[in-house]
Amino acid sequence: MYLCANYNDINMSSKVRVRFAPSPTGPLHIGGVRTALYNYLFAKKHGGDFLLRIEDTDQTRFVQGAEKYIVEALAWCGISPDEGIGGEDRGNGPYRQSERKPMYREYAEQLLAADKAYIAFDTAEELDAMRQMAKDAGASNWQYNYITRGNMKNSLTLPKEEVDAKIAAGEPYVVRIKLPRDHEVRLEDTIRGWVSVNTNNMDDKVLFKADGMPTYHLANIVDDHLMGITHVIRGEEWLPSAPLHVMLYEAFGWECPTFAHLPLLLKPDGPGKLSKRDGDRLGFPVFPIDWKNDETGETASGYREFGFFPGAFINMLALLGWNPGTEQEVFDLQGLVDAFDLSKVSKSGAKFDFEKGKWFNQLYLRDLSEVELAQELKNVLDNEGLSYNEAHLGTIATMMSERATFPKDLLEEGRFLFETPSVYDEKTRNKKWSDASAPMMQDIAHRFNALPDFTSEAIEASFKGYLAEKELGFGKVGPSFRLAVTGRGMGPSMFTICAVLGKDEVLARISKAIKVLG
RNA sequence: GGCCCCUUCGUCUAUCGGUUAGGACGCCAGGUUUUCAUCCUGGAAAGAAGAGUUCGAUUCUCUUAGGGGUCACCA
């Protein structure tokens, strides 16, 4: 039996060191961001280091710009690596596995020398034939194990001279781990507890590829060891290979780190894990920031560009699979660090809920000061090339903030504050605009025109004075007045709107409305 | 299919043998608002099923069902 218990947690005397190790095959998915976030939170919580390492051992899947994207996305979230890519080099580098290529071979050699691994000459065809044979024989589960390796061409079945000759002749080969027969591998996962697998159900995985590169399994274990990683926090998709990793630590004679396998982010509706397609289908981003695919020219949308605040984004992500055990739901990054506890991460996958994410963003938007809100609105206006009176931005942004979830709503919900309406809401027009409306608007325009100060209070007093004088209810005049000035049937206080627009504009709009609506 | 993991309201979750099973998002209703939004109040909504252990199971064990992951010279 091979055990991998949480020794690190029994005496957390050594400094906590965790890593996020994505492979640069494209944009980072929000599931990956959450994994990075949990790693970061755990490190900071325990005064440890968070490293960023790039696992680019598969040159065929390398995507230009992906690494830059990962660093930028994490930076937007407020996650900065202490060490590695995007952080300092503290002597454990390089931090890209492609640049560490030369060192992996010696570790493969080490396992070979210790009889913990062997050289295999199987071709792809031979492997396929073997699988097919097993299938034809009715074997439901085929493993590349102690039985299979006895029937293949490798350093265990061939005489040493022949192996040497093949290598000398330049024949391609791989190095596979030599798993013992019928051993129980047990590892203690911080989130899941003890996980147990028998080696009979495991494969002699390839550790070192024919192209001279290590596979994930070898490179990952070697690097984690060399970089002093104490806790491996990664997605649940790695749980099936965790026992293999335990066997590798065992083979090297290294102490294994503490494992924690995070639950997956699932589709909001159907089965399966969250994918880019779900985002496209359901109308929400699955990436932290925009990603431009250079080959197709398409852009995959990101939370940043969608209008999310980084704080809201990570707040939402953090609560997807973890909770503080209290009823608090709103946390800033430091608050998350303080409250984070790996053992309170849930075991089951979490269906992604974009609605909750929107709620978080709304909360964060409302928490902004008037100055900050004004700046957000200014950005949106500038982006659209609309002109505005800077002095009113704070008032407008604050007024609109209660009906906004994203900065762009600050404008969308009150576009009439910046543009004279060209269309008038049909439903409101049919229901609220009558033959009596035009004369009433005319009267109101006259009264407004006489106002010395066109303030919200003065406008309100004037408007109500008109109602009293004519003995009219608000409902008789208000809706059509709103329609005339804003073109809409609903919105914020008309008096504030008028004050912001200014007397000239309001009068102009009223006369235009009378012309158009009749 | 093999192996592994998981299973409380529609969703995210609290509960670490004894609770009227709590909160949040969403939804519904009422109130505030001339309107809408906001805000306030209230409501509907859950322990997959079956055994066992126990004085007592959502909680512990087993079985079944369901869901997920993984089975590459990808990570």
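Just so it is clear: chains get the letters A, B, ... in the order the sequence lines come, proteins before strands, and each one is counted from 1. Everything numeric in this text was worked out from a predicted model, so none of it was measured.
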Could you work out which one of [options] sits closest to the side chain of [X]?
X	options	value
Asp353(A)	rU7(B), rC5(B), rC25(B)	rC25(B)
Glu329(A)	rC5(B), rA24(B), rC73(B)	rA24(B)
Arg192(A)	rC5(B), rU70(B), rA75(B)	rC5(B)
Thr215(A)	rC39(B), rC73(B), rU13(B)	rC73(B)
Glu327(A)	rC25(B), rU38(B), rG23(B)	rG23(B)
Ser23(A)	rC12(B), rA75(B), rC3(B)	rA75(B)
Pro479(A)	rG26(B), rC74(B), rU34(B)	rU34(B)
Val195(A)	rG26(B), rC4(B), rC73(B)	rC4(B)
Leu127(A)	rU7(B), rC73(B), rC39(B)	rC73(B)
Asn201(A)	rC73(B), rG2(B), rG26(B)	rG2(B)

[atom1] atoms of [N] and [M], separation to the nearest Å:
N	M	atom1	result
rU19(B)	rA46(B)	C1'	15 Å
rU7(B)	rG47(B)	C1'	10 Å
rU63(B)	rC73(B)	P	34 Å
rC9(B)	rG1(B)	P	26 Å

Whole-Å distance between [N] [atom2] and [X] [atom1]?
X	N	atom1	atom2	result
Met316(A)	rU13(B)	CE	P	13 Å
Met130(A)	rA72(B)	CE	P	15 Å
Asp204(A)	rC73(B)	CG	P	12 Å
Tyr364(A)	rC25(B)	OH	P	14 Å
Glu237(A)	rG67(B)	CD	P	21 Å
Arg429(A)	rU35(B)	CZ	P	24 Å
Leu239(A)	rG67(B)	CG	P	20 Å

Would you mind pulling out the nucleotide paired to [N], Watson-Crick or G-U wobble, both distances under 3.5 Å?
N	value
rU15(B)	none
rA57(B)	none
rU34(B)	none
rA29(B)	rU41(B)
rA65(B)	rU7(B)

Hey, is the side chain of [X] poking within less than 4.0 Å of OP1 or OP2 on [N], counting only N and O atoms?
X	N	answer
Arg176(A)	rC73(B)	yes
Thr57(A)	rA75(B)	yes
Arg366(A)	rC39(B)	yes
Lys209(A)	rA75(B)	yes

Look at all strands and tell whether [X] reaches a base, only sugar-phosphate, or nothing, counting heavy atoms closer than 4.0 Å.
X	answer
Asp122(A)	base
Thr25(A)	nothing
Ser346(A)	sugar-phosphate
Pro22(A)	nothing
Gly321(A)	sugar-phosphate
Trp142(A)	nothing
Lys273(A)	sugar-phosphate
Gly272(A)	sugar-phosphate
Ala210(A)	base
Arg482(A)	base

Heavy-atom nearest nucleotide on RNA chain B for Phe474(A) versus Ser196(A): which residue maps closer to 5'?
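Here Ser196(A) is the residue nearer the 5' end.
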
Taking for each residue the nucleotide of RNA chain B bearing the nearest heavy atom, is the 5' side occupied by Lys344(A) or by Leu319(A)?
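Result of the comparison: Leu319(A).
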
So, do Met202(A) and Asn145(A) sit near enough that their side-chain heavy atoms are less than 4.5 Å apart?
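The answer is no, as the side chains (C-beta and beyond) never meet within the 4.5 Å cut-off.
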
Heavy atoms, side chains only, cut-off 4.5 Å: are Ile233(A) and Val345(A) in contact?
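A side-chain contact under 4.5 Å is absent here.
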
If you take atom types as modelled and just measure distance, does the side chain of Lys356(A) reach the base of rA24(B) with a donor-acceptor pair under 3.5 Å?
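Side chain to base: pair found, below 3.5 Å.
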
Is any N or O donor-acceptor pair between the side chain of Arg61(A) and the base of rC74(B) shorter than 3.5 Å?
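Side chain to base: pair present.
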
Measuring centre to centre across the rings, with the benzene-like ring taken for any Trp, is [X] within less than 6.0 Å of [Y]?
X	Y	result
Phe406(A)	Phe306(A)	yes
Phe360(A)	Phe309(A)	no
Tyr38(A)	Trp322(A)	no

I'd like to know if [X] pairs up with [Y] as an ion pair, taking the criterion as any Lys NZ or Arg NE/NH1/NH2 lying under 4.0 Å from an Asp or Glu carboxylate oxygen.
X	Y	value
Lys273(A)	Glu236(A)	no
Asp223(A)	Arg19(A)	no
Arg53(A)	Glu55(A)	yes

Are Gln97(A) and Asp56(A) linked by a side-chain donor-acceptor pair shorter than 3.5 Å?
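Absent: no donor and acceptor within the cut-off.
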
